[in-house]
Amino acid sequence: MLWVDKYRPKSLDKVLVHEDVAQNLKKLVTEQDCPHLLFYGPSGSGKKTLIMALLRQMFGASAEKVKVENKTWKVDAGSRTIDLELTTLSSSHHVELNPSDAGFQDRYIVQEIIKEMAKNRPIDVKGKKGFKVLVLNEVDKLSREAQHSLRRTMEKYSASCRLILCCDSSSKVTEAVRSRCLNVRISAPKEDQIVKVLEFIGKKEGLQLPPGFAARIAEKSGRSLRRAILSFETCRVQQYPFTNNQVIPPMDWEEYVSEIAADIMKEQSPKRLFQVRGKLYELLVNCIPPEVILKRLLHELLKKLDSELKHEVCHWAAYYEHSMRLGQKAIFHIEAFVAKFMSIYKGFLIATFG
Amino acid sequence: MAPLLQSSQPWVEKYRPRRVKDVAHQDEVVRVLTNTLETTNCPHMLFYGPPGTGKTTTALAIAHQLYGPELYKSRVLELNASDERGINVVRTKIKNFAAVAVGSGHQGGYGYPCPPFKIIILDEADSMTEDAQNALRRTMETYSKVTRFFFICNYISRIIEPLASRCAKFRFKPLSEEIMSTRVLHICNEEGLNLDSEALSTLSSISQGDLRRAITFLQGAARLFGSSISSKDLISVSGVVPQEVVGDLLASCKSGSFDSANKQVNNVIAEGYPVSQILSQLFDLVVESDDVSDEQKARICRKLGESDKCLVDGADEYLQLLDACSCMIKAFCNMPEGYSN
Ligand SMILES: Nc1ncnc2c1ncn2[C@@H]1O[C@H](COP(=O)(O)OP(=O)(O)OP(=O)(O)O)[C@@H](O)[C@H]1O
Ligand SMILES: [Mg+2]
């Protein structure tokens, strides 16, 4: 088991970061009438861990007995019937799913499947906990229609069902949905908190950490706890005992993006653009999200630029990411950004050096 | 069974008004509807306004008061965005429902007015496609004698003109501080909570006219902090962006350094603050600044508007905020606008 999973705290009392949030959550569910919750915050900040610990707090150990199911639903979509495939993770008290996986058909998931789940009150022998929880991940990726479809369901069946929504970017959740939840912000842990967690794991694994070693990993993690733990484990595999000058390995894809940035800075030509396209495709087929690539590329380029150009380059990055959102094919827009950058940079070089 | 059901409902549902006259603030609608209750006649209606202002509540309340629990099912059809509402449904489901005539007169009214028409509530109507709305026009006309339509939406501009023009329109305003306080105090009374006047006014300012939000904050604060709730407690459950965060961001833009602004932006994102909220707070700060010229303000406000629109389209929060900050820096330093093409 990976350390990220092995050392995921199981209960709200055991979390090492966000202790305050955890304690608040605990109080929030003391009564049965807790409102719907919306967890938001950057990826790797620990939302999922808190949600799972919260479920355990509500339902006890049985919330951990989950089974994964891959089901196909037949859904009546007006004139025709469509098949929707969806993976769910469920215990006797809760169901977790990723409705945005259905892409542009996500609306049907919400209208048919989620509504059905919300309607049915679980039968509990003890007559206690007469409601179930639906955990919906990545609600920020849901289409507007799908989000609207959630609204009445959240109100109508609130006696039998509680929703826990989870997302990275709360600006993408419509106001009507946000208005129906208690919003819980989960910030990315600070570096010293990450160090604390790494030291805790180190101790459990019986490892010797040279002074400042954990801090170096934390610094490289960009405040993502998941990432810090992953690279800690990679370091362990690559070289132990740890040494003070040991390299903290960067992510492969980030290396790759920084190569692309160097390529672009070196030469601005159609030929180079063509070469870069190949590399971008490589990243995309490896499932690196296009906006993540674009942001990383911007980050690398900004490091090398004059401040005057920075304004212009960040503007076009924002511009092309927006158009990518409205369009279909990510590669067009990333490539357009690269081409734009080349033209700006070339113009700058000519103006400066003739 | 019933009491258990009650207690597991969040407060927003528990305190949803059941009668039209309990709906706070929306006097105009309430007057018309109370009239309806007496004369048993009403026009088609269109309710619009921001979330949590009582639109759905009002529509459901009037329907219940008109027909009572017995006849409600056969006389009222509620279709909301959680139901499939493509053209087909509009054509068949609504037609089938509307076509079955209701007997005239007050037969079996059980003490309710029971007017001789049916009500079709189309909640969240702004999420219906234009085609589906168009299909509705005919239906509305055909059955206008025996049905009344209630459209409910947040944005009236998403309802096609031919439909909107057939309805009496009611705007549900964000609730004023005073009205909100009255309702909140009522709940505090029922739940045995203590709120001082400062906390009350904080609650209405952070919920920005959305009563549902106010009730949720109140319940959250009650669970976390017990029965005496201060203004600080409410702020901490509401997750509003602290003013210092936005102030620091603005200061770094004023300093003219791209890198320091970038650092602040990264921090905002890592803390998980909603960028849409940051933009609106930036807007307030900039507009109120004394040391910013009108021209600079205009430049900045235009950009903030554009960025907000991009966010609505689903653009990335980091990139949009960075772009907005870069534009502010340029405005503060009076650098020329625009970019090379
Ligand atoms: N005017 C009001 N008077 C009393 N309670 C209200 C009022 N407005 C909102 N509420 C409270 O807020 C909750 C939500 O109101 P309602 O469902 O009517 O909102 P809505 O206007 O339909 O919002 P949305 O556009 O998000 O659907 C109600 O359950 C009630 O507790
Ligand atoms: Mg509503």
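In what follows, every chain begins at residue 1, and chains take the letters A, B, ... in the order their sequences are listed. Predicted model, so just to flag it, every value in this text is computed and none were measured.
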*Is it the backbone or the side chain of B/Asn154 that comes under 4.5 Å from a heavy atom of chain A, or both, or neither?*
side chain

*For each of B/Leu279, B/Asp210, B/Val237, B/Asn266, tally heavy-atom pairs with chain A at distances under 4.5 Å, and name the one with the top tally.*
B/Asp210

*Does the side chain of B/Ser207 reach to within under 4.5 Å of the side chain of B/Met180, using non-hydrogen atoms?*
yes

*Structural part of B/Asp123 lying under 4.5 Å from a heavy atom of chain A*: side chain

_Interface moiety of A/Lys26 toward chain B, non-hydrogen atoms closer than 4.5 Å_ = neither

_Is B/Ser238 in contact with chain A via its backbone, its side chain, both, or neither, using a 4.5 Å heavy-atom distance?_
neither

*asked:* At a heavy-atom distance under 4.5 Å, which candidate from A/Ser171, A/Ala188, A/Ser187 has the highest pair count against chain B?
replied: A/Ser171

*asked:* For A/Leu294 versus A/Tyr320, what's the shortest heavy-atom pair and its separation?
replied: CD2-C, 4.5 Å

*Against chain B, label A/Lys310 side chain, backbone, both or neither, depending on which of its atoms sit under 4.5 Å from a heavy atom there.*
both

*asked:* As an exercise, state the distance from NZ of B/Lys93 to CG of B/Leu79, rounded to the nearest 0.5 Å.
replied: 5.5 Å

*Take atom CD in A/Glu308; do more than 12 heavy atoms of anything else shown fall under 6.0 Å from it?*
no

_Heavy-atom contact with chain B under 4.5 Å, split by part of A/Asn183_ = backbone

*Flag the pair A/Phe337 / A/Val313 as yes when at least one side-chain heavy-atom distance between them is below 4.5 Å, and no otherwise.*
yes

_Below 30° counts as parallel, above 60° as perpendicular, anything between as tilted: where do the rings of B/Trp11 and B/Tyr15 land?_
perpendicular

*Measuring heavy-atom distances to chain A, does B/Val12 have an atom under 4.5 Å in its side chain, in its backbone, in both, or in neither?*
neither

*Give, as side chain, backbone, both or neither, the part of B/Lys303 having an atom under 4.5 angstrom from any heavy atom of chain A.*
side chain

*Is it the backbone or the side chain of B/Ile269 that comes under 4.5 Å from a heavy atom of chain A, or both, or neither?*
backbone

*Do B/Ile187 and B/Leu218 come close enough that some side-chain heavy atom pair is under 4.5 Å?*
yes

*For the rings on B/Phe172 and B/Tyr48, is their centre-to-centre separation under 6.0 Å?*
no

*Non-hydrogen atoms of chain B under 4.5 Å away: do they reach the side chain of A/Leu182, the backbone, both or neither?*
both

*Between B/Ile215, B/Leu322, B/Thr92, which residue shows the highest count of heavy-atom pairs closer than 4.5 Å to chain A?*
B/Leu322

*Going from CG on A/Leu37 to CG on A/Leu28, what distance comes out if it is rounded to the nearest 0.5 angstrom?*
6.0 Å

*With a 4.5 angstrom heavy-atom cut-off, which part of A/Leu302 approaches chain B: side chain, backbone, both or neither?*
side chain

*asked:* What part of B/Glu78 gets within 4.5 angstrom of chain A, counting heavy atoms only: side chain, backbone, both, or neither?
replied: side chain

*B/Met335, B/Arg212, B/Arg213: which one forms the most heavy-atom pairs within less than 4.5 Å of chain A?*
B/Arg212

*Side chain / backbone / both / neither for A/Arg180 at chain B, heavy atoms under 4.5 Å*: both

*More than 12 foreign heavy atoms under 6.0 Å from CZ of B/Phe332: is that the case here?*
yes

*asked:* Using heavy-atom distances under 4.5 Å, tell me whether A/Arg152 contacts chain B through its side chain, its backbone, both, or neither.
replied: both

*Let me know if A/Lys190 has heavy atoms under 4.5 Å from chain B in its side chain, its backbone, both or neither.*
side chain

*Grab the two heavy atoms, one from B/Thr53 and one from B/Gly209, that are nearest each other, plus how far apart they are.*
CG2-O, 3.8 Å

*Heavy-atom side-chain contact between B/Ile278 and B/Leu282 under 4.5 Å*: yes

*Please state whether the side chain, the backbone, both or neither of B/Ile152 comes within less than 4.5 Å of a heavy atom of chain A.*
neither

*Could you tell me which of B/Tyr273, B/Phe217, B/Phe225 has the largest number of non-hydrogen atom pairs under 4.5 Å with chain A?*
B/Tyr273

*Between A/Ser170, A/Gly44, A/Gly41, which residue shows the highest count of heavy-atom pairs closer than 4.5 Å to chain B?*
A/Ser170

_Under a 4.5 Å cutoff for heavy-atom pairs, which residue among B/Ser127, B/Cys310, B/Ala324 has the most contacts with chain A?_
B/Cys310

*Checking A/Leu298 against chain B: side chain, backbone, both or neither under 4.5 Å from a heavy atom?*
side chain

